[in-house]
2 protein chains.
Amino acid sequence: MYVDVMSSAALHEPTFLILAALAEGRKHGYGLIAEAETLSDGRVTLRVATLYTALDRLRKEGLIAPAGEEVIDGRLRRYYELTDDGAATLTQEIARMEQLAARATVRLRHRPGFAFGWGGGAWA
Amino acid sequence: MYVDVMSSAALHEPTFLILAALAEGRKHGYGLIAEAETLSDGRVTLRVATLYTALDRLRKEGLIAPAGEEVIDGRLRRYYELTDDGAATLTQEIARMEQLAARATVRLRHRPGFAFGWGGGAWA
DNA sequence: TCAACATACATCAGTGACCGATACATATCA
DNA sequence: TGATATGTATCGGTCACTGATGTATGTTGA
């Protein structure tokens, strides 16, 4: 299998959400859309075009793999699951995000004219 | 000024690095390339084409602003700085990344067949 | 009963951020 | 003097994402 081990290209958000959603276990297309919405607190709605092209691409890259088909209520479901390579990539991506977030936070605190209320910020 | 407050589109890595690099204070083009390289541990080299198109776009969006020009050793330097909107966007993006990273981590731990050694992982 | 809606699959053409290549100018170094 | 580093900037190509569209079945409500 051909795996670009040294790839450092950051995952786009929809792609990340697909891998993260599959981390729990196998899911089918529409299940992934629902899970991505949950993961992002409703911020991101996976579009079908994005989903199916991403699914195809990730399968070719060996990050996910088909995991059976079922017919539920007369409707076909195609399942996918994370491969070990996919889990490794996701792990790497999480580490990248955490490190960048941490470093950006430090720099923001050092910002000249740093203020606690910069207008429009919601601290929940 | 027109600001898309509810924008939920994730920043791409180069764009994020530019904003994060500017969080410390004003910087010029080549300074940003160096800072982005530092921030990403040498993983990401900002390309000039990416840099200048992003600088233009971010300026139009009001996230950064020109912050003076200088001539050092006969070479022109154009400086940029974060606007308050830019700092707010960066803050929001950091929160998004941290939340997604945390949630993805939880799901990965619940992964069926979860193993500690999945091949190729470097725990430093 | 039949139209509207939800579930579930899929494709096509357009957009926009990113990137390799290229260009120009000045300073330094071998 | 030719290569390398710093500094600016543009052009055309690639590719992930997206809006629109298509097909099919099951459910819900007037």
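Quick note on labels: first sequence line is chain A, next is B, and so on, each numbered from 1.
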### Summary
So, with a heavy-atom separation below 4.0 Å from DNA chain D, the residues of residues 45-53 of chain A are A:Arg47, A:Val48, A:Ala49, A:Thr50

### Query
Can you give the first and last nucleotides of DNA chain D, 5' to 3', that have an atom under 4.0 Å from a heavy atom of chain A?
D:dA16 to D:dG26

### Query
Which atom pair, heavy atoms only, marks the closest approach of A:Thr50 to A:Pro14?
CG2-CB, 3.8 Å

### Message
If you define the side chain from C-beta out and look only at heavy atoms, does anything of A:Leu63 sit under 4.5 Å from A:Leu90?
### Response
no

### Query
Would a distance-only check, ignoring hydrogens and angles, find a side-chain to backbone donor-acceptor pair under 3.5 Å from B:Ser40 to B:Ala36?
yes

### Message
Are the side chains of A:Tyr30 and A:Leu51 in contact, using a 4.5 Å heavy-atom criterion?
### Response
no

### Query
Ion pair present between A:Glu70 and A:Arg26, side-chain N to carboxylate O less than 4.0 angstrom?
yes

### Message
Using a 4.0 Å cut-off to any heavy atom of chain B, which nucleotides of DNA chain C are the first and last in contact, reading 5' to 3'?
### Response
C:dA17 to C:dA27

### Query
Quick one: does A:Arg103's side chain have a donor or acceptor within less than 3.5 Å of a partner on B:Leu39's backbone?
yes

### Task
May I have all residue pairs that pass salt bridge (Lys or Arg N to Asp or Glu O under 4.0 Å) and include part of residues 72-83 of chain A, sequence neighbours excluded?
A:Glu69-A:Arg78

### Task
Taking the side chain as every heavy atom from C-beta outward, state whether B:Arg107 and A:Glu35 have any atom pair closer than 4.5 Å.
yes

### Task
Please report the shortest heavy-atom distance between A:Ile94 and B:Ala101, naming the atom on each side.
CG2-O, 3.9 Å

### Message
I'd like to know if A:Leu46 and A:Tyr79 are part of one continuous hydrophobic network [Ile/Leu/Val/Met/Phe/Trp/Tyr, side-chain heavy atoms within less than 4.5 Å].
### Response
no

### Query
Which residues, if any, of residues 28-40 of chain A bring a heavy atom under 4.0 Å of DNA chain C?
A:His28, A:Gly29, A:Tyr30

### Task
Strictly below 4.0 Å, heavy-atom distances to any atom of DNA chain C: list the hits from residues 70-80 of chain B, or just say none.
B:Asp73, B:Gly74, B:Arg75

### Task
For the pair A:Glu37 and A:Arg43, find out whether any cationic side-chain nitrogen is under 4.0 Å from an anionic carboxylate oxygen.
no

### Task
Measure from the side-chain N and O atoms of B:Thr83 to the backbone N and O of B:Ala65, and report whether any donor-acceptor pair falls under 3.5 Å.
no

### Task
Flag the pair A:Arg47 / A:Ile33 as yes when at least one side-chain heavy-atom distance between them is below 4.5 Å, and no otherwise.
no

### Exercise: identify the closest heavy-atom pair between B:Arg111 and A:Leu82
NH1-O, 3.4 Å

### Message
Quick one, A:Asp85 and A:Glu61 - any side-chain contact, counting heavy atoms below 4.5 Å?
### Response
no

